[in-house]
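What follows is a short report on a single structure.
Throughout, protein chains are lettered first and strands after them, A, B, ... in sequence-line order, and every chain is numbered starting at 1. Values in this document were obtained by computation on a predicted structure and should not be read as measured data.
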Amino acid sequence: MNQNPGTSLTGIQNFRSPKSFSRKQVVIERKHRKHTLSLYVANKPGVLIRIALVFARRGYNIDSLVVSEGKDPDFSTMNIVASGDEKVLDQILNQLNKLVDVVTAHDRTEDDIIQHELAMFKIRCSGDNRMQVLQLAHALNCEITDITETTVIFQASGTSEKLDSLESVLDPYNIIELVRTGKVLMAKGEELTSF
Amino acid sequence: MSKLKSGAEAIVDVIAQQGVEYIFGLPGGAAIPIFDALVDSPVKLILTRHEQGATHMADGYARATGKPAVVLVTSGPGATNTITGILTAQMDSIPMVVITGQQTTWNLGLDAFQEADVSGISYPVVKHSYLIKNPHDIPRIVREAFYICQTGRPGPVLIDVPKDISSAMIEPNYDEEFHLPGYSIPHEIDKDDLMAAATLIEKAKQPVLLVGHGAVISGAEKAVTYLAEKMHIPVSNTLLGKGCFPESHPLSLGMLGMHGTAYANKAVDAADLVVSIGSRWDDRIVGNIEKFCVNAKKIHIDIDPSEFNKTVTMDVTVLGDAKAVVEALTAVMQPGNTKDWLRQVERWKKAFPLKYKKTGRLVAQHVLDEFRRQVQDEGIFTTDVGQHQMWAAQYCLTEKRFHWITSGGAGTMGFGFPAAIGAQLAHPDKPVIAVVGDGGFQMTLCELSTAVISRLPIKILIINNNFLGMVRQWQSLFYGNRLSGVDLEGNPDFVKLAEAYGAKGLRIRRAADVKRVVSAALAYNDGPIVIDAMVSKEDNVFPMIPAGASMGEMILEPPKVAMEKPVGST
């Protein structure tokens with residue numbers, strides 16, 4: 001793992017493909033405004049379905065979802081990134097809060113809190129561009145976690161936006177597999193993330 | 001140390017401790033332990049002929065008393081048959097506990113006989129649901145279920161009980177405290193919101209109170225009446241709001257919305273302030289959101305914050321119990337001047353009354369009007385869904401809480417008759433009239449046996465036009481009268497049918513017979529009686545605002561020209 005994830009991807013500014021980035025930005029502004037939600041829920045079977053149903057019923061897509069047992073094992077923390085019609089988000093939050101198994105549900109999109117995600121990229125590279133790919137990985141502060149004669153796996157962590165940019169930069173290099181953990185959140189200082 | 005009991009006995013104990021009088025249900029393999037425990041319980045079982053009937057009976061009982069009602073069925077199809085009834089209760093915020101038997105825990109997910117993921121199926125239509133995996137949780141979970149179903153905004157709670165869990169022996173603790181950190185009920189009324197609402201109401205020149213089911217549930221009748229009288233504000237009610245404010249009151253506008261009175265709709269349309277007290281501004285009322293009450297400020301009082309700004313955008317929202325909020329509001333306000341407005345409302349009432357003809361062909365309104373006239377304020381009307389429901393809403397004026405029982409949100413056909421069984425059990429001495437259509441009645445008429453066995457003197461009034469009338473009305477108004485799937489050719493002889501079940505049957509064919517037959521029906525109290533009112537086949541319900549249309553597009557009588565298809569769904 002990178003020791004300093006907050007600054008690990010600063011180098012990518014120079015490599016960003018302006019075209020693909022701007023397209024993404026327009027889409028985000030128009031409709032697919034992504035929302036980062038933090039939930040504190042009962043840790044028992046069926047809770048995830050109840051929550052997922054609220055999103056599905058109002059046409060929201062869940063882009064990423066991270067669930068982990070809380071400090072109190074009777075509860076879980078859920079971080080959800082979801083996109084859909086801006087107008088219905090408040091109602092989704094109200095409906096989530098209405099579920100008996102949901103203790104709290106908050107929109108953390110606009111808040112200044114720690115947001116972190118990890119991604120792994122498997123790139124096919126043999127022969128000519130192999131050195132180029134490895135140099136790029138180094139320049140981007142990616143960790144190389146696996147290397148074979150034909151493939152390389154990079155691992156990177158940082159904010160979701162940085163990983164988005166990294167994805168665009170690596171896009172021309174034959175990514176054959178990509179996986180991201182989804183965003184985890186934590187409020188700074190004394191503030192508690194889910195309350 | 002308490003005595004060892006089976007899980008099933010613990011379930012039944014908690015039910016009895018909650019003061020439940022009746023359980024409505026139908027057994028099956030997985031529920032046998034619980035039915036066995038009922039044998040020694042003071043709680044009486046009403047054996048139904050179909051599980052859907054059980055849910056509607058429980059629903060009718062709950063609506064007629066305000067108390068939670070209990071359904072008990074078996075696993076698999078027994079449980080899935082309750083889903084329509086659970087949806088009906090959820091949409092209309094009815095307190096209900098549904099207990100479903102389940103396969104043994106080791107067979108869950110293995111497609112064993114009569115196994116279904118019932119708690120999973122229930123998620124979208126319940127307030128909450130449980131699958132009990134540990135028998136020691138039984139007393140706590142059943143008590144939680146009763147607490148959740150009747151507090152805050154009420155709703156159905158389902159408890160799925162595997163057979164090995166109900167058979168297990170436990171030492172029940174009926175006093176264990178439970179914690180529901182994710183469940184909160186608003187208690188404190190926000191002062192700023194309250195004052196903002198009060199200011200708007202005091203300043204309004206043309207205000208209307210819009211009273212919904214939330215006001216009925218919270219028992220806000222006196223509070224609302226006092227508010228209306230003190231501030232001189234006319235009151236309109238939703239279909240489910242009937243019974244909160246007396247519909248014969250001079251300030252009452254009756255029901256608004258798609259088939260509401262013309263004067264209610266005109267008043268709401270022209271109002272400069274609409275105050276919803278426990279009504280969720282649903283599509284039956286709003287029609288076209290863009291054109292709905294464009295000049296009016298809007299206030300919404302509700303106990304469920306997820307209803308705020310869901311459809312119509314509000315100027316002020318006040319979170320809390322309807323009764324508490326209305327009382328607090330009335331206390332801080334001084335009456336404004338609404339004299340001109342009340343005069344205008346009176347003019348509309350005189351100009352656009354509800355009307356029908358008592359001569360010539362028999363019409364539904366005539367029969368309903370006569371029933372209402374003869375039972376006075378004391379009759380409890382339950383209805384099914386369709387034309388007869390709207391006519392009943394228009395003509396069977398409701399004066400008091402618990403006297404109007406109808407499936408509003410879900411619009412469940414087959415609801416009216418079983419709901420009347422629940423209502424009659426709750427009020428053995430009141431006349432209960434189940435107003436049903438010939439279509440809906442046939443969906444749950446097997447419960448005639450249930451009513452006959454308990455000798456319940458329900459008056460089952462079939463508004464029989466040999467059609468699925470509301471759909472036919474739409475097809476004739478908006479689809480060029482191309483009738484499709486609405487002709488109920490092959491209807492049984494309902495009088496003979498009643499007799500086959502051991503009930504009594506009467507028929508009304510002519511307008512001239514209405515008075516006589518209605519009074520004969522009301523005089524018969526030896527069990528259920530079916531009144532087959534063979535009404536005019538092609539009558540339509542008016543006024544009508546087509547779905548998704550605005551108040552300005554209200555039709556008061558049969559249109560002379562072909563109409564466009566409505567943009568709203570139904």
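By the 6.0 Å contact criterion, CE on A:Met186 is open, its count of non-hydrogen atoms from other residues, nucleotides or ligands being 12 or less. Within 6.0 Å of CD on A:Glu191 lie more than 12 heavy atoms contributed by other residues, nucleotides or ligands. Atom NZ of B:Lys298 has more than 12 neighbouring heavy atoms from other residues, nucleotides or ligands inside a 6.0 Å radius. A 6.0 Å sphere centred on CG of B:Asp111 holds no more than 12 heavy atoms belonging to other residues, nucleotides or ligands. Surrounding CZ of A:Arg124 are at most 12 heavy atoms belonging to other residues, nucleotides or ligands under 6.0 Å away.
In this structure, A:Tyr40 and B:Pro181 have side chains that are not in contact, with every pair of non-hydrogen atoms separated by 4.5 Å or more.
For B:Lys133, no part sits under 4.5 Å from any heavy atom of chain A, backbone or side chain. Contact of B:Asn309 with chain A is not made at all, since no heavy-atom distance falls under 4.5 Å. Heavy atoms closer than 4.5 Å to chain A are found nowhere in B:Ser119, neither backbone nor side chain. Of the atoms belonging to B:Ile148, it is side-chain heavy atoms, and not backbone ones, that fall under 4.5 Å from chain A.
With chain A as partner, the option from B:Tyr183, B:Phe308, B:Tyr123 having the largest number of non-hydrogen pairs under 4.5 angstrom is B:Tyr123.
Using non-hydrogen atoms only and a strict 4.5 Å limit, the part of residues 94-104 of chain A facing chain B consists of A:Asn94, A:Gln95, A:Asn97, A:Lys98, A:Leu99, A:Val100, A:Asp101, A:Val102, A:Val103.
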